[in-house]
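This one's a predicted model, so the numbers in the text were calculated from it and none came from an experiment.
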Amino acid sequence: MAKEWFNDWFDENYLLIYKHRDMEDAGLQFNLILREVVPEKGWKILDLACGEGRYSYLFNNKGYNITGLDLSETLIKSGKEKFPGLKLRVCDMREISGNYDLILSLFTSFGYFEDEKEDRKVISGVYNSLNPRGLFWLDFFNSDFIKNTREKESSTRIIDGVVVKEERYIKGGRINKKIIIGSDSGKKEYFETVRMYSKNELVEMMNSNGLEVVKIFGDYTGSDWEEKSERVILVCRKVV
Ligand SMILES: C[S@@+](CC[C@H](N)C(=O)[O-])C[C@H]1O[C@@H](n2cnc3c(N)ncnc32)[C@H](O)[C@@H]1O
């Protein structure tokens, strides 16, 4: 199979650029999940596309039984070193199986595939891997917000002494980002492209895959969703 952008991008340079997406940042949404879902200690929880496992760490730390899966060998290795004892494993999100009570897809870990059918395959895998009445929590960007604020944008920043250039543009129903890290001979180039599903399209995708949307939030503090919200957070229940 041809290498896709997400096979390359999620390495140590992803960790550099998104270093502010740390445990403190994760804590906000973690608290919202605890408040809204009220998971029981015996539940089996899946952190799908977990990265290094910052959310898995928070759940595990509170005594929950959580497994983190991610495609990136680099991030899983780094997560195992940072958080010894966490259950973290390399796995493609299209290949999941199991019997979970709660599945989490956090911080825009969805919409990555070129063919929409592959995204739908992820959702049907979520359905098949949930216990009856199990819950799915999807945290995605709000495409209305992106359209209104970030049609085209470029920036140059220095993070830990490294030059980071980013160029963001909307094309083909996707938000695309070209990222250049470093300068001169040590320069590395990446590409990120995510399908801009609207809130209604996401709801339709859940419904047509046997997942009833029971709540929709617009940010990590649990505000109601509005067109100007930054996030679309869907809480879905498996219909049996
Ligand atoms: C934006 S990051 C979010 C990571 C994590 N949820 C967090 O909040 O820190 C997206 C994650 O999706 C993972 N990923 C990308 N494609 C994947 C795939 N096909 N299967 C599983 N994970 C994938 C990446 O390796 C990366 O860790």
Side-chain angles (χ1 to χ4, degrees), residues 6 26 29-51 53-72 75-76 79 86-113 115-141 194-195 197-218 220 222 225 231-240:
F6 48 81
Q29 182 162 216
F30 171 65
N31 287 333
L32 182 65
I33 298 169
L34 292 194
R35 191 182 85 200
E36 294 299 327
V37 170
V38 197
E40 290 171 22
K41 284 286 155 68
W43 280 14
K44 268 185 82 180
I45 306 176
L46 173 63
D47 183 3
L48 185 58
C50 61
R54 59 189 180 132
Y55 283 101
S56 290
Y57 171 82
L58 292 172
F59 278 93
N60 182 64
N61 206 31
K62 280 260 190 256
Y64 291 101
N65 174 8
I66 188 157
T67 300
L69 302 179
D70 198 280
L71 187 69
S72 166
L75 297 193
I76 290 291
L86 271 194
K87 286 187 274 180
L88 300 178
R89 198 156 45 81
V90 173
C91 177
D92 191 302
M93 63 172 100
R94 291 165 290 190
E95 308 297 333
I96 62 166
S97 60
N99 55 330
Y100 295 98
D101 299 293
L102 171 63
I103 299 182
L104 308 165
S105 172
L106 305 171
F107 185 43
T108 321
S109 299
F110 184 66
Y112 290 177
F113 303 103
D115 187 341
E116 203 178 332
K117 281 196 207 110
E118 299 291 295
D119 289 334
R120 287 185 176 267
K121 191 172 171 188
V122 175
I123 302 305
S124 115
V126 164
Y127 177 87
N128 290 328
S129 308
L130 279 173
N131 284 331
R133 311 280 299 151
L135 294 168
F136 177 46
W137 182 288
L138 176 71
D139 161 32
F140 197 68
F141 58 62
V194 182
R195 189 175 293 276
Y197 288 112
S198 68
K199 188 251 308 168
N200 288 346
E201 284 170 336
L202 290 172
V203 170
E204 183 280 322
M205 195 185 296
M206 299 306 131
N207 287 338
S208 61
N209 278 287
L211 295 164
E212 180 197 0
V213 178
V214 290
K215 280 181 192 167
I216 308 180
F217 300 111
Y220 295 149
W225 184 88
R231 309 297 299 171
V232 176
I233 300 170
L234 302 183
V235 190
C236 316
R237 185 177 290 285
K238 176 170 176 165
V239 182
V240 282

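Contact annotation: the side chain of Tyr197 approaches that of Glu116 to within less than 4.5 Å [non-hydrogen atoms, C-beta and beyond]. Considering only heavy atoms from C-beta on, Arg94 comes within 4.5 Å of Phe113 through its side chain. Two residues are said to be in side-chain contact when any heavy atoms from C-beta on lie closer than 4.5 Å; Val203 and Met206 fail this criterion.
Here the straight-line distance linking atom CG of Leu104 with atom CD1 of Ile33 works out to 5.0 Å at 0.5 Å rounding. Atom CZ of Arg89 sits about 10.5 Å away from atom CD1 of Ile96, to the nearest 0.5 Å. In this structure, CG on Leu106 lies 5.5 Å from CG on Asp47, to the nearest 0.5 angstrom. Distance NZ/Lys62 to CG/Leu34: 7.5 Å, rounded to 0.5 Å. Taking OG of Ser56 as the reference point, atom CD1 of Ile45 lies at 9.0 Å (rounded to 0.5 Å). Tyr55 OH to Leu48 CG: the interatomic distance, rounded to the nearest 0.5 Å, is 14.0 Å.
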- Message: What verdict does the side chain to side chain contact (heavy atoms under 4.5 Å, CB included) test give for Leu135 and Trp43, after you've listed the backbone C-alpha separation in whole Å, the side-chain angles of each residue and the deciding distance to 0.1 Å?
- Response: CA-CA 11 Å; Leu135 294 168; Trp43 280 14; 4.1 Å; yes

- Query: Taking it one step at a time, do Leu88 and Cys50 satisfy side chain to side chain contact (heavy atoms under 4.5 Å, CB included)?
  - Reply: CA-CA 8 Å; Leu88 300 178; Cys50 61; 4.1 Å; yes

- Run the side chain to side chain contact (heavy atoms under 4.5 Å, CB included) check on Trp137 and Leu234 step by step: do they pass? CA-CA 6 Å; Trp137 182 288; Leu234 302 183; over 6 Å; no

- Walk me through it: do Arg54 and Leu58 pass the test side chain to side chain contact (heavy atoms under 4.5 Å, CB included)? CA-CA 7 Å; Arg54 59 189 180 132; Leu58 292 172; over 6 Å; no

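Counting only distance, with no hydrogens or angles, the side chain of Asn209 and the backbone of Leu211 share no donor-acceptor pair below 3.5 Å. At distances below 3.5 Å, not a single donor-acceptor pair connects side-chain atoms of Lys87 with backbone N or O atoms of Leu69. The backbone N or O of Arg133 lies less than 3.5 Å from a partner atom in the side chain of Arg237, making a donor-acceptor pair.
Under the rule for a salt bridge (charged side-chain N to carboxylate O under 4.0 Å, His left out), the partners of Asp139 that lie at least two apart in sequence or sit in another chain are Arg231. Tyr64 pairs by the ring pair (Phe, Tyr, Trp, His ring centres under 6.0 Å) definition with Phe59, not counting sequence neighbours. Under the ring pair (Phe, Tyr, Trp, His ring centres under 6.0 Å) criterion, Phe217 pairs with no residue, sequence neighbours left out. Not a single ring pair (Phe, Tyr, Trp, His ring centres under 6.0 Å) links Tyr220 to another residue, sequence neighbours left out.
Under the salt bridge (charged side-chain N to carboxylate O under 4.0 Å, His left out) criterion, the residue pairs touching residues 199-217 are Glu36-Lys215, Arg120-Glu204, with sequence neighbours excluded.
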Counting only pairs under 3.5 Å, give me each side-chain donor-acceptor contact of residues 122-132, with atom names and distances, residues two or more places apart or in other chains.
from, atom 1, to, atom 2, distance (Å)
Tyr127, OH, Val239, O, 3.2
Asn128, ND2, Ser124, O, 3.2
Ser129, OG, Gly125, O, 2.7
Asn131, ND2, Asn99, O, 3.4
Asn131, ND2, Asp101, OD1, 3.0

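Heavy atoms of other residues, nucleotides or ligands lying less than 6.0 angstrom from NZ of Lys117 number 12 at most. Within a 6.0 Å radius of CZ in Phe110, more than 12 heavy atoms belonging to other residues, nucleotides or ligands are found.
When all heavy atoms of Asn60 and Ile66 are compared, the closest pair comes out as N-CG2, 3.9 Å. Closest non-hydrogen pair, Val213 versus Asn207, comes out as N-OD1, 4.0 Å.
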